[in-house]
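Working notes, structure below.
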Amino acid sequence: MRRPFVAANWKMHKTVQETVAYARDFVPRVEAVTDVDIVIAPPFLALSALVEATANSRVRVAAQTVHAESHGAFTGEVSLGMLKGSGVTLVIIGHSERRHLFGETDAGVNAKTQATVDAGLTPIVCVGETLEERKSDRTFEVLDRQIRDGLSGLSPDQVAALVVAYEPVWAIGTGRNATPDQADEAHRHIRQQLVSQFGDRAAACRLIYGGSVTPGNVAELRARPQVDGALVGGASLDPASFAEIVAGSRPTAI
Ligand code: PGA
């Protein structure tokens with residue numbers, strides 16, 4: 001059975017001080033949860049503080065993006081070595097905001113994913129269609145391209161160990177989540193695509209859903225066999241709300 005995986009994506013929210021206060025509140029709330037992988041991705045500046053504030057817990061810390069090169073003249077960028085040195089163990093790659101607002105391409109996602117795996121960190125690779133793509137019946141075509149090009153060159157074992165987040169762009173930050181049927185259908189398709197590209201071993205890859213996940217809808221999404229967890233934006237900013245989402249993702253909750 002695949003272990004549930006729930007990640008908070010804070011985007012450009014919270015200062016270092018707010019991050020530490022959040023951790024103090026959140027960590028005790030999930031102390032008893034031993035059957036879910038719990039991850040928080042704060043802004044770069046708060047990474048070290050969050051690593052420190054969660055040191056005695058099971059909560060792990062992710063970056064929201066990274067640069068694929070190890071060092072060099074890349075003003076404003078952060079490398080995997082820097083993240084690793086700060087105790088970060090996962091990286092979100094190819095979030096739709098990175099793709100649509102900052103011009104990230106599938107080739108860029110591929111370079112970052114390979115570099116992240118090579119550095120020994122776990123990528124959380126985001127894929128998902130826009131509303132226009134869904135309406136014109138191109139959802140699967142877009143997902144196939146993002147998976148094929150984004151993960152090309154990885155070994156089956158490397159794919160099995162990473163996390164893919166299915167985040168339909170129209171559901172992100174809109175309050176309009178995909179229905180459990182839509183999420184399950186997309187996840188099933190992604191898993192088939194992974195298996196046809198990388199072989200049976202890749203079926204172990206965890207597929208999580210993102211897009212307007214809340215304490216109120218997480219259980220019905222997680223109840224679908226293909227939905228292994230959630231990537232949560234807005235509803236992760238409040239520690240009580242995110243702790244409820246973690247609780248609703250436990251194998252015993254569904
Ligand atoms: P949301 O964001 O939960 O606020 O829709 C999800 C995400 O962008 O990862």
Side-chain angles (χ1 to χ4, degrees), residues 4-14 18-19 22 26 36-44 46-47 50 59-66 88 90-104 108-109 112-113 116 122-131 133-134 139 142-143 146-147 150 162-180 182-184 186-187 190 206-222 224 227-249:
F5 185 103
V6 179
N9 173 15
W10 285 358
K11 312 189 179 184
M12 200 169 73
H13 293 282
K14 296 196 191 292
E18 287 164 348
T19 299
Y22 182 108
F26 178 72
V36 178
D37 283 349
I38 307 169
V39 173
I40 300 176
F44 279 133
L47 286 170
L50 188 61
V59 176
R60 291 193 297 150
V61 178
Q64 297 176 13
T65 183
V66 71
V88 172
L90 307 96
V91 186
I92 297 174
I93 297 172
H95 187 278
S96 73
E97 286 148 21
R98 300 294 319 170
R99 291 178 189 260
H100 296 116
L101 302 174
F102 302 102
E104 285 199 9
V109 168
K112 290 179 182 203
T113 303
T116 298
T122 302
I124 303 168
V125 180
C126 303
V127 298
E129 80 288 359
T130 63
L131 188 57
E133 288 161 345
R134 175 165 282 266
T139 297
V142 169
L143 295 177
Q146 290 173 335
I147 293 287
L162 56 75
V163 176
V164 172
Y166 168 61
E167 297 206 305
V169 180
W170 46 272
I172 295 176
T174 57
R176 180 182 166 201
N177 62 293
T179 64
Q182 287 172 324
D184 200 50
H187 284 217
I190 291 167
R206 281 172 299 174
L207 304 184
I208 63 175
Y209 168 78
S212 299
V213 174
T214 64
N217 62 23
V218 68
E220 59 172 10
L221 287 160
R222 267 283 291 134
R224 295 308 170 109
V227 180
D228 302 322
L231 180 55
V232 190
S236 74
L237 294 173
D238 173 66
S241 155
F242 188 48
E244 266 190 73
I245 291 172
V246 170
S249 304

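Whatever order the structure lists them in is the order used to number ligands and atoms, beginning at 1.
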Need the ligand 1 atom indices (1-based, order shown) with element for anything under 4.0 Å from a heavy-atom of Glu167. 6 (C), 7 (C), 8 (O), 9 (O)
Find out whether His95 and Glu167 are in side-chain contact, i.e. whether some heavy atom of one side chain is under 4.5 Å from a heavy atom of the other. yes
Can you list the ligand 1 atoms lying under 4.0 Å from a non-hydrogen atom of Ala171? 5 (O)
Should you measure from each heavy atom of Leu231, which atoms of ligand 1 turn up under 4.0 Å away? 9 (O)
CD1-CZ distance between Ile93 and Arg98, expressed to the nearest 0.5 angstrom: 11.5 Å
With the side chain counted from C-beta on, respond yes when Thr122 and Phe5 share a heavy-atom pair under 4.5 Å apart, and no when they do not. no
If you round to the nearest 0.5 Å, how far is CG of Leu207 from CG of Leu162? 9.5 Å
Distance col, row Ile124:CD1 vs Ile92:CD1, nearest 0.5 angstrom, shows 5.0 Å
Ligand-side contact atoms (ligand 1) for residue partner His95, heavy atom cut-off under 4.0 Å: 7 (C), 8 (O), 9 (O)
Taking only non-hydrogen atoms of Gly211 and a 4.0 Å limit, the atoms of ligand 1 in range are 5 (O)
Side chain to side chain, Ile40 and Phe242, heavy atoms closer than 4.5 Å: yes
Polar contacts were defined as any N/O atom of the residue lying under 3.5 Å from an N/O atom of the ligand; does this apply to Gly234 and ligand 1? yes
Are any non-hydrogen side-chain atoms of Asn217 and Tyr209 less than 4.5 angstrom apart? no
Considering distance alone, does some N or O of Thr174 sit under 3.5 Å from an N or O of ligand 1? no
Taking heavy atoms and a distance under 4.0 Å, where does Asn9 meet ligand 1: side chain, backbone, both or neither? side chain
Please write down residue, atom name and distance for the protein heavy atom closest to atom 3 (O) of ligand 1. Gly233 N, 2.8 Å
Ranking Ala235, Gly173, Ala7, Ala8 by closest non-hydrogen atom to atom 5 (O) of ligand 1, top hit is Gly173
